[in-house]
Q: 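Here it is: the structure, laid out below.
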Amino acid sequence: MQHESILRLSCFLSIFACMTIWESLAPYRVLSASKPIRWLNNIALVLLNTLLLRLLLPLTAVNLALLIETQKWGLLQQLTLPIGLMTIIALILLDLAIYWQHRLFHQIPLLWRLHRMHHADIDIDVTTGTRFHPVEIILSMLIKFLIILIFGIPAIAVLLFEVILNGMAMFNHSNIKLNKTGDKHLRLLFVTPDMHRVHHSINEIEMNRNFGFNLAIWDRIFNSYQAQPTAGHQGMTIGLDKFREAKYLTLPYLLWLPIEPINQKTLD
């Protein structure tokens, strides 16, 4: 826990580098927009989000979990379970919470205003997995705080979950192709790039499928699973119908997107 920041940053950079190299050596789809412009603005957004989180929420999720463990707050802290079992249960609870949070961000118009910036990317690659509006990032952290407090999530589980979630978001947004056999078996447990790519389709029905980021079971349990896009992975269109102009790739417009009027084509 003393090296939390270093551990998280090391994992982030390592996974980002691996996915970037994989995409460069064997890209699955041909990108339709300027990669340098997209990457510059998507990465600038990551830096902005990190800075705002540090300034507005100096208490990290791990620090909150350490406090909860000390005070024995929350449901799990009332149980006499081995730390290993408690950690596994906590990771499953956090992943389920993220699934429903993601689904609600699609269904509630005010929350969709924030989340649609993530979907407005007209290509999907490793940087899309880190592209979220600052207000959504802050709101998501507050929701995570609430989940940690209610369930008494142990600090080790919080740290592991944040590393896993960031890594899986970059992996399943990556512009890579797994062989059919590997994808078929892997998606029995985890969300794969082919599985999540369906969720970024311009087709509104497909956009409301495959909400999971890590465990693939939730979409099957809650009837939101779609195996493949209707138009195929090469033929499908990524993004939102309204936000396809080059100006929407820049940081100022990314921050402005929640304020743009919502119409039927951009509302799930």
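Reckoned from all heavy atoms, side chains included, excluding hydrogens, waters and symmetry mates. Along the sequence shown, residues carry numbers from 1.
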Q: With clusters defined by side-chain heavy atoms of hydrophobic residues (ILVMFWY) lying less than 4.5 Å apart, directly or transitively, does Leu142 cluster with Leu64?
A: yes
Q: I need the minimum non-hydrogen distance between Ala169 and Asn172, along with the two atoms involved.
A: O-OD1, 3.4 Å
Q: How close do Ala65 and Pro154 get, counting heavy atoms only, and between which atoms?
A: CB-C, 4.1 Å
Q: Report the residue from Arg209, His106, Glu206 that forms a side-chain hydrogen bond (donor to acceptor under 3.5 Å, both in side chains) with His199.
A: His106
Q: Near Lys247 NZ, under 6.0 Å, is it more than 12 heavy atoms from other residues, nucleotides or ligands?
A: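 Yes - once you tally the heavy atoms of other residues, nucleotides and ligands closer than 6.0 Å, there are more than 12.
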Q: Say you draw a straight line from OG of Ser5 to CG of Leu9; how long is it, rounded to the nearest 0.5 Å?
A: 8.5 Å
Q: Tell me whether Leu159 shares a hydrophobic cluster with Ile6, the cluster being built from Ile, Leu, Val, Met, Phe, Trp, Tyr side chains joined at under 4.5 Å.
A: no
Q: Should Asp194 and Arg197 count as an ion pair when the cut-off is N to O under 4.0 Å?
A: yes
Q: Got a sec: does the CZ of Phe145 have more than 12 other heavy atoms crowding it under 6.0 Å?
A: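 More than 12 heavy atoms, drawn from other residues, nucleotides or ligands, come within 6.0 Å of this atom.
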Q: Any idea how His115 and His102 line up, ring-wise: parallel (<30°), tilted (30 to 60°), or perpendicular (>60°)?
A: perpendicular
Q: Classify the angle between the aromatic ring planes of His119 and Trp112 as parallel (below 30°), tilted (30 to 60°) or perpendicular (above 60°).
A: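 It falls in the tilted class, 30° to 60°.
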Q: Which atoms form the tightest heavy-atom contact between Met86 and Leu79, and what is the distance?
A: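 Nearest heavy atoms, Met86 then Leu79: CE-O, 4.1 Å.
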Q: Ring pair (Phe, Tyr, Trp, His ring centres under 6.0 Å), that's the test. Do Trp218 and Phe190 meet it? Break it down for me.
A: CA-CA 10 Å; Trp218 308 125; Phe190 302 108; over 10 Å; no
Q: Which value, rounded to the nearest 0.5 Å, describes the distance between Ile98 atom CD1 and Ile143 atom CD1?
A: 8.0 Å
Q: Are any non-hydrogen side-chain atoms of Val158 and Ile148 less than 4.5 angstrom apart?
A: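 Yes, side chains in contact.
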Q: Is there a donor-acceptor contact under 3.5 Å from the side chain of Asn214 to the main chain of Leu165?
A: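 Judged by distance alone, no pair lies under 3.5 Å.
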Q: Closer than 3.5 angstrom, by distance alone: can the side chain of Asn179 be matched with the main-chain N or O of Gly182 as a donor-acceptor pair?
A: yes
Q: Applying the 4.5 Å side-chain criterion to the ILVMFWY set and letting contacts propagate, would Leu59 and Ile68 be lumped into a single cluster?
A: yes
Q: Tell me whether the count of non-hydrogen atoms from other residues, nucleotides or ligands lying under 6.0 Å of NZ in Lys35 goes above 12.
A: yes
Q: Could you tell me whether a side-chain N or O of Ser201 sits under 3.5 Å from a main-chain N or O of Asn203, the two making a donor and an acceptor?
A: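 Confirmed, Ser201 side chain pairs with Asn203 backbone.
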Q: Could you note down all residue pairs passing side chain to side chain donor-acceptor pair (under 3.5 Å) where residues 65-88 supplies at least one of them, sequence neighbours left out?
A: none
Q: Are the side chain of Asn208 and the backbone N or O of Glu204 linked by a donor-acceptor pair below 3.5 Å?
A: yes
Q: Between atom CG of Leu56 and atom CD1 of Ile137, what is the distance when rounded to the nearest 0.5 Å?
A: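 Here the rounded value is 12.5 Å.
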Q: Phe151 versus Ile89: any side-chain heavy-atom pair under 4.5 Å?
A: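 Not in contact.
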Q: With a 6.0 Å cut-off (strictly less than), is the heavy-atom count around CG of Leu149, excluding the residue itself, greater than 12?
A: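 Yes, because the 6.0 Å sphere around CG of Leu149 holds more than 12 heavy atoms from other groups.
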Q: Within the distance-only criterion (no hydrogens, no angle test), does the side chain of Gln226 pair as donor or acceptor with the backbone N or O of Asn210 below 3.5 angstrom?
A: no
Q: Test side-chain contact (heavy atoms from CB on, under 4.5 Å) on Leu215 and Leu189 and set out the steps.
A: CA-CA 6 Å; Leu215 299 178; Leu189 291 176; 5.8 Å; no
Q: Just by modelled atom types, is the Met236 backbone N or O under 3.5 Å from a matching donor or acceptor in the Arg29 side chain?
A: yes
Q: I'd like to check Leu178 versus Arg187 (side-chain heavy atoms, cut-off strictly below 4.5 Å). Are they in contact?
A: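 Leu178 vs Arg187: side chains apart.
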Q: Please tell me if the side chains of Ile156 and Phe161 come closer than 4.5 Å, counting only heavy atoms from C-beta onward.
A: no
Q: Glu260 and salt bridge (Lys or Arg N to Asp or Glu O under 4.0 Å): which partner among Lys242, Arg113, Arg116?
A: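 With Glu260 as partner, salt bridge (Lys or Arg N to Asp or Glu O under 4.0 Å) holds for just one option, Lys242.
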Q: Which heavy atom of Met168 sits nearest to which heavy atom of Val191, and what is that distance?
A: CE-O, 3.5 Å
Q: Over all heavy atoms of both residues, which pair between Met117 and Leu257 is shortest? Give the atoms and the distance, please.
A: CG-CD1, 3.6 Å
Q: So does Leu13 have more than 12 non-hydrogen atoms from other groups sitting under 6.0 Å from CG?
A: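 More than 12 within 6.0 Å, yes.
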Q: Hey, can you tell me if His173 and His200 have their rings parallel, tilted or perpendicular (30° and 60° cut-offs)?
A: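 Rings of His173 and His200: perpendicular, as their planes differ by over 60°.
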Q: Count the heavy atoms belonging to other residues, nucleotides or ligands that lie under 6.0 Å from CH2 of Trp256, then report whether that count exceeds 12.
A: no
Q: In terms of the angle between their ring planes, are Phe171 and Trp22 parallel, tilted or perpendicular, with boundaries placed at 30° and 60°?
A: tilted
Q: I'd like to check the salt bridge (charged side-chain N to carboxylate O under 4.0 Å, His left out) partners of Arg8; sequence neighbours left out, ordered by chain and number.
A: Glu4, Glu162
Q: Does Phe12 offer a backbone N or O that forms a donor-acceptor pair with the side chain of Asn166 under 3.5 Å?
A: no
Q: Mind checking whether Ile138 and Leu53 have side chains closer than 4.5 Å, heavy atoms only?
A: yes
Q: If two hydrophobic side chains count as joined below 4.5 Å and joins carry through other members, does Leu48 share a cluster with Ile37?
A: no
Q: State yes or no: do Met141 and Leu51 share one hydrophobic cluster built from I, L, V, M, F, W and Y residues joined by side-chain heavy-atom distances below 4.5 Å, directly or via other members?
A: no
Q: With rounding to the nearest 0.5 angstrom, report the CD to CG distance, Glu136 to Leu111.
A: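 Atom-to-atom, Glu136:CD and Leu111:CG are 8.5 Å apart.
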Q: Backbone N or O of Phe211 within a donor-acceptor pair of the Arg103 side chain at under 3.5 Å?
A: no
Q: Step by step, work out the side-chain contact (heavy atoms from CB on, under 4.5 Å) result for Leu114 and Val135.
A: CA-CA 7 Å; Leu114 298 171; Val135 179; 3.7 Å; yes
Q: With a 4.5 Å heavy-atom cut-off, do Leu47 and Thr50 have their side chains touching?
A: no
Q: Check the side chains of Ser174 and Tyr28 for a donor-acceptor pair under 3.5 angstrom, ignoring hydrogens and angles.
A: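 Ser174 and Tyr28 do not have a side-chain donor-acceptor pair below 3.5 Å.
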Q: Applying the side chain to side chain contact (heavy atoms under 4.5 Å, CB included) criterion to Arg131, which one of Asn41, Asp125, Leu45, Asn49 satisfies it?
A: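 The side chain to side chain contact (heavy atoms under 4.5 Å, CB included) with Arg131 is passed solely by Leu45 among Asn41, Asp125, Leu45, Asn49.
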Q: According to the interplanar angle, ranging from 0 to 90°, do the rings of Tyr248 and Phe243 count as parallel (below 30°), tilted (30 to 60°) or perpendicular (above 60°)?
A: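 Answer is perpendicular, since the angle exceeds 60°.
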Q: Ile43 versus Phe16: any side-chain heavy-atom pair under 4.5 Å?
A: yes
Q: Which pair of non-hydrogen atoms, one from Ser32 and one from Ile122, has the smallest distance, and what is that distance?
A: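 Taking Ser32 first and Ile122 second, the nearest heavy atoms are OG-O, 3.6 Å.
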Q: Got a donor-acceptor contact below 3.5 angstrom from the His133 side chain to the Leu255 backbone?
A: yes
Q: Evaluate side-chain contact (heavy atoms from CB on, under 4.5 Å) for Phe222 paired with Leu96, printing each intermediate quantity in order.
A: CA-CA 11 Å; Phe222 298 112; Leu96 176 59; 3.7 Å; yes
Q: For the residue pair Leu240 and Met207, establish whether any side-chain heavy-atom pair is separated by less than 4.5 Å.
A: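 A side-chain contact under 4.5 Å exists here.
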Q: Go through the steps for Ile147 and Leu93 under the test side-chain contact (heavy atoms from CB on, under 4.5 Å), then give the verdict.
A: CA-CA 9 Å; Ile147 298 299; Leu93 287 172; 5.8 Å; no
Q: Would you say the ring centroid of Phe105 lies under 6.0 angstrom from that of His118?
A: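 No, too far apart.
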